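Have a look at the structure below, then the notes.
Just so it is clear, the model here is predicted, and its values are computed rather than measured. A, B, ... follow the sequence lines: proteins, then strands. Residue 1 opens every chain.
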Amino acid sequence: MLELNVVEQVEQQLKQAIEQAVLAANLANQDELPEVILETPKDKNHGDYATNMAMQLARIAKKPPRAIAEEIVKQVNQEEASIKSIEIAGPGFINFFMDTSYLTDVVSTIFEQGKHYGETNDGGGEQVQIEFVSANPTGTLHLGHARGAAYGDTLANVMTKAGYEVEREYYINDAGNQIDQLALSIDVRYAQAFGEDKEMPENSYRGQDIIDLANQLAEEYGRQFLEMQESERLAAFREHGLNHLLEQIKQDLEAFRVPFDTWFSERSLYDENRVTGAVDALRERGYVYESEGAVWFRSTDFGDDKDRVLVKNDGNYTYLTPDIAYHQDKISRGFDQVINIWGADHHGYVTRMKAAIQALGYEDLLDIKITQMVNLFENGEKVKMSKRTGKAVMMKELIDEVGVDATRYFFIMRSNDAHLDFDMDLARSESNDNPVYYVQYAHARICSMLRQAEEKDVDIDATPDLSLLTAEKEVDLLKRLGDYPQVISEAATRKMPHRIPQYVFDLASDLHSFYNAEKVIDTDNMELTQARIALMQATRVVIEDALNLIGVHAPEKM
RNA sequence: GUCCCGGUAGCUCAGGGGAUAGAGCAACAGCCUUCUAAGCUGUCGGUCGCAGGUUCGAUUCCUGCUCGGGACACCA
């Protein structure tokens, strides 16, 4: 168990002091007492903390908020809660100006905890599985996949930091109709590689990746596949295609710094009769019927707008059926929480997937997060992203053009709920405007100062007198550093990893402001220099940690 | 028609039951004999899509409407 950090301790004390004051002033009795809500005002003139308690009590105490506020203020024990002064403002806010000496404890805490600073216990060791990307192995990863990869990976990192046990999984759709289409597509491209005039079938994959693959096979194996019987040849292409494309996907993800713990094969479900098992399980529970030669799942019993086919009248499963078996498997593995990250084009499956889980009698521990569309703009025009037109921009191209750091930062910076316009021209030509450089520069700047401090024989390891850190920009920086655990907590529990880049940008901004306002290394004032160097080291630790969470490097020089 | 996401500054977007709604970019004006100017400081810029409702208080929550994007196969 983690102990309360310094900021939490101070807030806790303040809340208690307010509660006691309200009771002492007879404004409410114990069970009427509203929860104390503390906020940190945006405007510094409104103090370090503010509470709306007086407004909340207006109805209970039947008095105007400002009068209530005055009574509360009279009763607050300032000393016990480290309060320097109190003001009443606006419609009845009570603003607290704290004795900010507590803030310097943040620096010592960061020194003690190092990269563990910011860890919280929100997860309490809960087992969480996050399944993401899971692109079909019928082509290479494109822009949309990159967004899901960045979001999922960062969410996993943040939740881990918040005390969850996270497992990352990729579901490989290596069975089903799309793999047959893949084999057919390779077949045509392979024949074309030998100059044969063969038409692409209707649902084929027309991307450059398949052409490349076919050419590669032609080069490596010569004409030998042409000698085979069609069924044998297609089977070979199916395996070659799968292996090659899956390998490609793995490489791309690795380059994008996205690791997975488990690669789950759809085929393994068939090998163990899990798919039939899932249909049987649904049937036993009475949610399966037959009609028009097909087998149906009565998902309308669970809020879906129509029933769904499980087995087509040609005897094949639909996409949904193995997916139900897969989710049955996931849930049976004993996770406390299962998170799926899907692209917006799959949102229509949310209801039926959740329906299936309910129909199977499982508790609803599935949370499906949707990442909205990414629109790519190039030369002022929207580029279509269809895999089948072959015009998609691949994740790898994007990385090569703008780099992993910028790409990841861009994707994670935005809420997953918002559509994203990715302007290639802007990313290419003006990448220096990218906020990621701003943050990285802050880190590099600190490293530079630390190097210089060493050259000038500043004793970096001395125990500094942190109470010297009282300048305005120092206090801003200290407060921001103190916010970090709270940011982690919200980003993890609300599954909003975009809070991290926002935070680290603000932190970098505080650092740059401080840097311009105060001189850190002053050989005539070693005590202050040591205190400031300590502050710089603490800031560096947090910037690096936050950047690590979003998968961006923290350079020591730029 | 049904469902999902969005509508906040000129642009790209944060935020979110409370006090004067924020940032970056763009525009304008300053700051390098001083630890990296990839930086800092300031100015300009808003009916938070519209209309009701809940509330002491709504840009935030609820309902309806509207605009934009997407999804609605016995494809995957």
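The aromatic ring of A/Phe93 stacks onto the base of B/A19, its centre lying under 5.5 Å from the centre of the six-membered base ring with the two planes under 30° apart. In this structure, A/His46 counts as stacked on the base of B/A19 under the 5.5 Å centre distance and 30° plane angle limits.
The nearest heavy atom of RNA chain B to A/Leu320 and to A/Lys557 marks one nucleotide each, and the one closer to the 5' end goes with A/Lys557. Nearest-nucleotide positions on RNA chain B for A/Asp307 and A/Asn95 put A/Asn95 closer to the 5' end.
Rounding to whole angstrom units, CZ of residue A/Arg480 and P of B/A23 are separated by 11 Å. For the pair A/Asp421 CG and B/G24 P, the computed distance is 21 Å after rounding to whole Å. Atom C1' of nucleotide B/A19 and atom CD1 of A/Ile88 are separated by 14 Å, given to the nearest angstrom. The separation between A/Tyr438 atom OH and B/C40 atom P is 4 Å, rounded to whole Å. In this structure, NZ of A/Lys519 is placed 12 Å from C1' of B/U33, rounded to the nearest angstrom. Computed from coordinates, the A/Arg414 CZ to B/C25 P distance equals 14 Å when rounded to whole Å. Here the P atom of nucleotide B/G69 and the CE atom of A/Met373 are 11 Å apart, to the nearest Å. Rounded to an integer number of Å, the gap from CZ of A/Phe410 to P of B/A14 is 13 Å.
Between A/Arg445 and the phosphate of B/A38, there is no side-chain N or O to OP1/OP2 separation shorter than 4.0 Å. Between A/His498 and the phosphate of B/G15, there is a side-chain N or O to OP1/OP2 separation shorter than 4.0 Å. One finds no side-chain N or O of A/Tyr503 lying less than 4.0 angstrom from the OP1 or OP2 phosphate oxygen of B/A23. The side chain of A/Arg499 places an N or O atom within less than 4.0 Å of a non-bridging phosphate oxygen (OP1 or OP2) of B/G15.
Separating the C1' atom of B/U20 from that of B/G46 is a span of 13 Å, rounded to the nearest Å. Rounded to whole Å, the separation between the P atoms of B/G10 and B/G6 comes to 22 Å. Between the C1' atoms of B/A26 and B/U43, the separation comes to 14 Å (whole Å). Comparing the P positions of B/A73 and B/U8 gives an interatomic distance of 32 Å, to the nearest angstrom. Rounded to whole Å, the separation between the P atoms of B/A21 and B/U33 comes to 39 Å. Comparing B/G53 with B/U47, their P atoms sit 23 Å apart, to the nearest whole Å. On the C1' atoms, B/U59 is 32 Å away from B/C72, given to the nearest whole Å. Remark: the separation of the C1' atoms in B/U63 and B/A19 is 29 Å, to the nearest Å.
Residue A/Lys456 is out of contact with every strand shown, counting any heavy-atom pair closer than 4.0 Å. Among the atoms of the strands shown, base atoms are found under 4.0 Å from some heavy atom of A/Ala444. Among the heavy atoms of the strands lying under 4.0 Å from A/Asn313 is at least one base atom, whether or not backbone atoms are also near. A/Ala442 comes within 4.0 angstrom of nothing in the nucleic acid, heavy atoms only. Among the atoms of the strands shown, base atoms are found under 4.0 Å from some heavy atom of A/Glu292. Here A/Thr318 lies in heavy-atom contact (under 4.0 Å) with sugar-phosphate atoms only. In this structure, A/Tyr515 reaches the bases: a heavy-atom distance under 4.0 Å links it to at least one base atom across the strands shown. Contact annotation for A/Glu518: base contact, defined as any heavy-atom pair under 4.0 Å involving a base atom.
By the 30° and 60° cut-offs, the orientation of the rings of A/Phe264 relative to A/Tyr326 is tilted.
Few gaps surround CD on A/Glu239; more than 12 heavy atoms of other groups in view lie less than 6.0 Å from it. No more than 12 heavy-atom neighbours from other residues, nucleotides or ligands sit within 6.0 angstrom of CD on A/Glu527.
For A/Arg352 and A/Phe297, the positive end is not near the middle of the six-membered ring at less than 6.0 Å and at most 45° from its axis.
Separation of the A/Phe422 and A/Phe411 ring centroids falls under the 6.0 Å cut-off. A centroid separation of less than 6.0 Å is found between the aromatic rings of A/Phe302 and A/Tyr287.
With hydrogens and angles ignored, no donor-acceptor pair under 3.5 angstrom links the side chain of A/Asp506 to the base of B/A23.
Annotation: side chain to side chain donor-acceptor pair (under 3.5 Å) contacts of A/His327 (sequence neighbours excluded): A/Asn340. Residues satisfying the ring pair (Phe, Tyr, Trp, His ring centres under 6.0 Å) criterion with A/His512, sequence neighbours excluded, are A/Tyr438, A/Tyr441.
Nearest nucleotide to the A/Met558 side chain, out of B/A38, B/G24, B/U41: B/A38. Among the nucleotides B/A71, B/G15, B/C40, the one closest to the side chain of A/Asn516 is B/C40. Across B/A23, B/A19, B/C35, the shortest atom-to-atom separation from the side chain of A/Met449 is found for B/C35. Taking only side-chain atoms of A/His512, from C-beta outward, the nucleotide of B/A23, B/C40, B/C74 with the closest atom is B/C40.
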Close N/O contacts between protein and nucleotides 3-8 of chain B (under 3.5 Å):
from, atom 1, to, atom 2, distance (Å)
B/C3, O2, A/His347, NE2, 3.2
B/C4, O4', A/His347, NE2, 3.4
B/C5, O4', A/Gln372, NE2, 3.3
B/C5, O2', A/Asp417, O, 2.2
B/C5, O2, A/His419, NE2, 3.3

Between protein and nucleic acid, restricted to nucleotides 56-58 of chain B and to nitrogen or oxygen atoms under 3.5 Å apart, what atom pairs and distances do you find?
from, atom 1, to, atom 2, distance (Å)
B/C56, OP1, A/Arg59, NE, 3.4

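Using a 3.5 Å distance cut-off with no hydrogens or angles, the side chains of A/Glu292 and A/Asn313 do not pair a donor with an acceptor. Between the side chains of A/Glu490 and A/Thr493, not a single donor N or O lies within less than 3.5 Å of an accepting N or O. No donor-acceptor contact under 3.5 angstrom links the side chains of A/Tyr205 and A/Gln181, judged on distance only.
Minimum interatomic distance between A/Ala534 and A/Leu466 (heavy atoms only, all atoms of both residues): CB-CD2, 4.1 Å.
B/C32 adopts a syn glycosidic conformation, its chi angle falling within 90° of 0.
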All N/O donor-acceptor pairs, side-chain side in residues 536-544 of chain A, below 3.5 Å, sequence neighbours left out:
from, atom 1, to, atom 2, distance (Å)
A/Thr539, OG1, A/Leu535, O, 2.8
A/Arg540, NH1, A/His443, NE2, 3.1
A/Arg540, NH1, A/Glu544, OE1, 3.2

**OP:** Determine which bases of RNA chain B form Watson-Crick or G-U wobble pairs with both distances under 3.5 Å, and write the result as a 5' to 3' dot-bracket string with | for other-strand partners.
**Re:** (((((((..((((....[...)))).(((((.......))))).....(((((..]....))))))))))))....
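One distance of note links CZ of A/Arg274 with OG of A/Ser268; it measures 6.5 Å at 0.5 Å rounding.
Among the candidates A/Ile18, A/Ile68, A/Ile88, the single residue satisfying the side-chain contact (heavy atoms from CB on, under 4.5 Å) test with A/Val73 is A/Ile88.
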